[in-house]
Amino acid sequence: MQVQPASAQVRKPRKPKRFAAADGRRSDALRLRNQEIALAEALGGLAGLSPPELLRVRNAAALSVRLEQVRSALARGDLAVSDQDLVRLSNVLSRELSALDRLAATKRKATVADGQQALRDYCAEAAA
């Protein structure tokens with residue numbers, strides 16, 4: 001029996017795909033990604049978000065895309081969706097967007113306060 005070199009015996013695990021069927025090329029997946037980016041812009045971009053903030057942005061983006069799908073189904077006359085679905089999704093999305101607005105306002109206040117403190121520090125150093 002031949003012994004294989006150590007490098008051949010060790011396998012690196014593959015990174016699992018989040019969603020096997022969603023590779024990002026479908027129009028819905030692209031729309032979802034664009035919504036995530038647009039919603040994250042008010043919070044400083046996707047890279048600067050904490051995990052809970054990112055989760056909230058992703059939920060709001062998914063709700064927005066789903067609401068668009070329900071609206072288009074209703075416009076086509078599809079009987080699989082109801083008006084109640086539209087109202088429920090609208091209400092949940094409204095709550096998520098208002099929570100994101102509050103979060104963005106909190107971040108803006110923190111940024112302004114940091115800038116004001118930096119200006120005070122600069123003026124104090126210049127006066128000394």
Side-chain angles (χ1 to χ4, degrees):
M1 181 168 114
Q2 285 185 329
V3 176
Q4 294 180 347
S7 62
Q9 293 176 357
V10 178
R11 278 193 169 175
K12 293 182 181 179
R14 288 186 173 185
K15 291 183 181 179
K17 291 184 178 180
R18 282 192 215 165
F19 305 105
D23 60 0
R25 292 182 289 179
R26 293 188 48 187
S27 62
D28 293 341
L30 290 173
R31 181 70 182 136
L32 179 64
R33 184 70 182 155
N34 290 339
Q35 282 292 101
E36 286 179 2
I37 292 169
L39 291 171
E41 284 299 315
L43 301 171
L46 284 171
L49 296 178
S50 67
E53 293 169 345
L54 185 61
L55 180 65
R56 188 161 286 248
V57 165
R58 286 185 173 161
N59 283 341
L63 285 167
S64 176
V65 170
R66 181 63 185 142
L67 184 61
E68 289 174 358
Q69 291 171 343
V70 168
R71 283 182 181 155
S72 64
L74 282 172
R76 284 191 312 267
D78 189 0
L79 299 177
V81 295
S82 67
D83 295 340
Q84 291 178 353
D85 294 335
L86 180 69
V87 171
R88 287 183 185 132
L89 281 170
S90 296
N91 288 337
V92 173
L93 180 60
S94 176
R95 287 192 297 270
E96 283 293 320
L97 291 178
S98 64
L100 284 175
D101 285 343
R102 287 192 304 272
L103 184 61
T106 303
K107 282 193 161 197
R108 278 194 301 271
K109 285 180 185 176
T111 304
V112 169
D114 291 344
Q116 290 172 345
Q117 185 61 41
L119 183 59
R120 281 189 216 110
D121 293 344
Y122 176 76
C123 292
E125 288 175 10

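If you read the sequence from its start, that first residue is 1, and numbering goes on from there.
Ionic pairing of Arg71 and Glu68 is not present here: no N-O contact between side-chain nitrogen and carboxylate oxygen is shorter than 4.0 angstrom.
The distance from atom CG of Leu97 to atom OG of Ser64, rounded to the nearest 0.5 Å, is 7.5 Å. Distance check: Arg66 CZ to Asp28 CG gives 9.5 Å after rounding to the nearest 0.5 Å. The CZ atom of Arg88 sits 16.0 Å away from atom CG of Leu93, with the distance rounded to the nearest 0.5 Å. Atom-to-atom distance recorded for Ser98:OG and Leu103:CG is 11.5 Å, nearest 0.5 angstrom.
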Go through it in stages, so that I can follow the logic: the residues are Asn91 and Val87, the test is side chain to side chain contact (heavy atoms under 4.5 Å, CB included), and I'd like the CA-CA distance, side-chain angles, deciding distance and then a yes or no. CA-CA 6 Å; Asn91 288 337; Val87 171; 3.7 Å; yes
With side chain to side chain contact (heavy atoms under 4.5 Å, CB included) as the criterion, how do Leu86 and Val81 come out once you've worked through the C-alpha distance, each side chain's angles and the decisive distance to 0.1 Å? CA-CA 8 Å; Leu86 180 69; Val81 295; over 6 Å; no
Could you go through Arg95 and Val92, starting from their C-alpha distance and side-chain angles, then the distance that decides it, and tell me whether this counts as side chain to side chain contact (heavy atoms under 4.5 Å, CB included)? CA-CA 5 Å; Arg95 287 192 297 270; Val92 173; 3.3 Å; yes
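Panel note: side chain Thr106, backbone Arg102; a donor-acceptor pair is recorded below 3.5 Å. Side-chain atoms of Asp85 come within 3.5 Å of backbone atoms of Ser82 as a donor-acceptor pair (strictly under, hydrogens ignored). With hydrogens and angles disregarded, no donor-acceptor distance shorter than 3.5 Å links the side chain of Ser94 to the backbone of Ser90.
Among residue pairs with one or both ends in residues 38-54, those qualifying as salt bridge (charged side-chain N to carboxylate O under 4.0 Å, His left out) are Glu53-Lys107; sequence neighbours excluded.
The nearest pair of heavy atoms linking Ala42 to Ala104 is O-CB, 3.8 Å.
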